[in-house]
Amino acid sequence: MSIVILMCYNLLVGIGYFKEGVDYSFFRGLNPAVYLILFLCIFGKYKFFDNKINNYFLLVISILSSFNLLSGRNVDMKMMMTGFVSPILIYQFFNSYKYDSYILRAKKILMTFYIIECGLAIFERIIGTNMFVNVNAGYDGFRSYSLIGHPLQNALCVSIMMSFILFSDLKYKLELFFLGMIAILCFNTRSTMAFWCVASLIYLFYLIFTHNKQYKKFAWYIVFAGIVLAYLIIQYGFGNRLLEMGLYDESSASVRIRIFDIFNFYSLRDFILGLPSYQIEKILYRTGIDELIIENYWLMFILRFGIIFTVALFICILSFLNKMMDGRPPFEKWFIILSFLLISSTNNSMSIANNGILSCFVLCYFSFQKKI
């Protein structure tokens, strides 16, 4: 349950624990679930430092944080704690309690959360009001905020769960996958919608080439789902941002391209070790994107932490994911990992404070283990 709480930022806003726009101190600003996770790890049956990959990950985070703090560069310790340290602790904790009863309980909690998260997104879209945050519909239409945070964060976490569900032994996995697709339309995230259109076809071809008996069922599912989703888009405006704005617009997609204008004024050597926050603001102002959000956490990491530390973080994250997926068939393993990396790289969810993105992945890994 603590991991679910870690993901539900909007719920914490709704009950008044956090207030939008308030910059809390480190200890007050941490998600309360982090303290519960630390308590369980310290006083529970926990194996410390028995995984080399996790140890290297923690070492890189420690060196990066220390260097940035001592050199006056920008480092969000709330982001480091919730985004990187907590998932590692959760992974270690789960491996200390690797029993059938715990896995079954985790799966039930995860599926309950998944249904509530998707159901709330659909409900918000139907009534045109967000339940826990006060966000009005913009010029590009209404977007559900559900439980997790910004629509991009919601779509990313739902996508992580969808990719695991596809390769699970759940009886109603296609119906659950379809529920996630409708929720993504409610979050109105263009890149995620486009990704799953392509990924669904790739999964279908995989079933065909591996002579999986489910390919006919999934093919009919795609036809049925396509008709239903098309009806929702055309008749009720679900996912209207993709149709009306396409994949490219001035407020988000163009920023990812215009950010490279930085190199018209600066060389790669200037970003080897990252820059202080005031210099980052100056750079963004000079390139004309200071009032826009950079929707790519890798670019944010390069600006804040530098190329060396960003490469180290990428290696650590990829190794962390790869270790969890050990024992799965290659296609299944890389479908899940690449789904996460590709969708997450289209937004800044991993670079903000109190994000439970990697923790969501760890919970899915534990809940859908095939070998115990």
Side-chain angles (χ1 to χ4, degrees), residues 4-5 7-16 18 20 108-166 170 172-197 199-200 220-247 249 251-252 343 346-347 349 356-357 360:
V4 171
I5 297 171
M7 292 189 285
C8 294
Y9 179 79
N10 285 347
L11 178 60
L12 294 174
V13 172
I15 64 176
F18 288 130
E20 289 291 335
K108 288 180 178 179
I109 292 173
L110 179 66
M111 288 298 92
T112 301
F113 171 71
Y114 177 82
I115 292 170
I116 293 173
E117 160 76 4
C118 295
L120 181 59
I122 296 169
F123 179 71
E124 288 179 342
R125 180 62 183 81
I126 291 172
I127 66 173
T129 302
N130 290 302
M131 300 299 293
F132 296 112
V133 294
N134 185 23
V135 179
N136 297 320
Y139 70 93
D140 51 353
F142 180 83
R143 307 180 73 177
S144 298
Y145 274 66
S146 197
L147 295 170
I148 295 174
H150 189 276
L152 291 168
Q153 289 175 269
N154 281 278
L156 176 53
C157 284
V158 168
S159 293
I160 293 170
M161 291 183 274
M162 286 169 61
S163 63
F164 276 93
I165 287 170
L166 266 185
L170 292 172
Y172 299 107
K173 68 178 184 179
L174 294 184
E175 290 79 3
L176 288 169
F177 181 81
F178 179 54
L179 177 66
M181 289 289 286
I182 297 177
I184 286 172
L185 291 181
C186 297
F187 299 134
N188 223 345
T189 54
R190 293 166 296 167
S191 55
T192 312
M193 288 186 276
F195 171 84
W196 279 113
C197 288
S200 297
W220 281 112
Y221 154 78
I222 287 182
V223 173
F224 172 76
I227 293 172
V228 173
L229 294 176
Y231 177 77
L232 291 174
I233 292 171
I234 296 170
Q235 188 68 26
Y236 296 103
F238 280 51
N240 64 304
R241 295 178 78 243
L242 183 60
L243 290 181
E244 295 176 5
M245 303 171 65
L247 289 174
D249 72 286
S251 64
S252 58
I343 296 175
T346 63
N347 60 70
S349 297
I357 307 300
C360 176

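From a predicted model like this one, the values you see are computed outputs, not experimental measurements. Below, each value reflects all heavy atoms present in this structure, side chains not excepted, and no hydrogens, waters or symmetry copies.
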How many angstroms lie between atom [atom1] of [X] and atom [atom2] of [Y], to the nearest 0.5 angstrom?
X      : Y      : atom1 : atom2 : answer
Ile184 : Arg190 : CD1   : CZ    : 15.0 Å
Ile115 : Leu110 : CD1   : CG    : 10.0 Å
Leu176 : Cys118 : CG    : SG    : 8.5 Å
Ser144 : Leu120 : OG    : CG    : 7.5 Å
Ile122 : Leu185 : CD1   : CG    : 9.0 Å
Ile343 : Thr192 : CD1   : OG1   : 5.0 Å

So, do [X] and [Y] sit near enough that their side-chain heavy atoms are less than 4.5 Å apart?
X      : Y      : value
Ile148 : Phe113 : yes
Ile165 : Leu174 : no
Met161 : Cys360 : yes
Val158 : Met162 : yes
Ile160 : Ile357 : yes
Met193 : Asn188 : yes
Thr129 : Glu124 : no
Tyr9   : Leu147 : no

| task | Would you please test Phe178 and Val228 for side-chain contact (heavy atoms from CB on, under 4.5 Å) and show each step? | result | CA-CA 10 Å; Phe178 179 54; Val228 173; 3.6 Å; yes
| said: Please give me the minimum heavy-atom distance between Phe177 and Tyr221, naming the atom from each residue. | reply: CD2-OH, 2.8 Å
| message | For Ala121 versus Ser146, what's the shortest heavy-atom pair and its separation? | response | N-OG, 3.9 Å
| said: Under a 3.5 Å distance rule, please check whether Arg143 uses its side chain to pair with a backbone N or O of Phe187 as donor and acceptor. | reply: yes
| field | Listed partners of Ser159 passing side chain to side chain donor-acceptor pair (under 3.5 Å), at least two apart | value | Trp196
| request: Report yes if the distance between the aromatic ring centroids of Phe132 and Tyr145 is under 6.0 Å, otherwise no. | output: no
| For residues 147-158, which residue pairs qualify under side-chain hydrogen bond (donor to acceptor under 3.5 Å, both in side chains), counting only residues two or more places apart or in two chains? | none
| field | Enclosure of Met131 CE (heavy-atom neighbours >12, cutoff 6.0 Å) | value | no
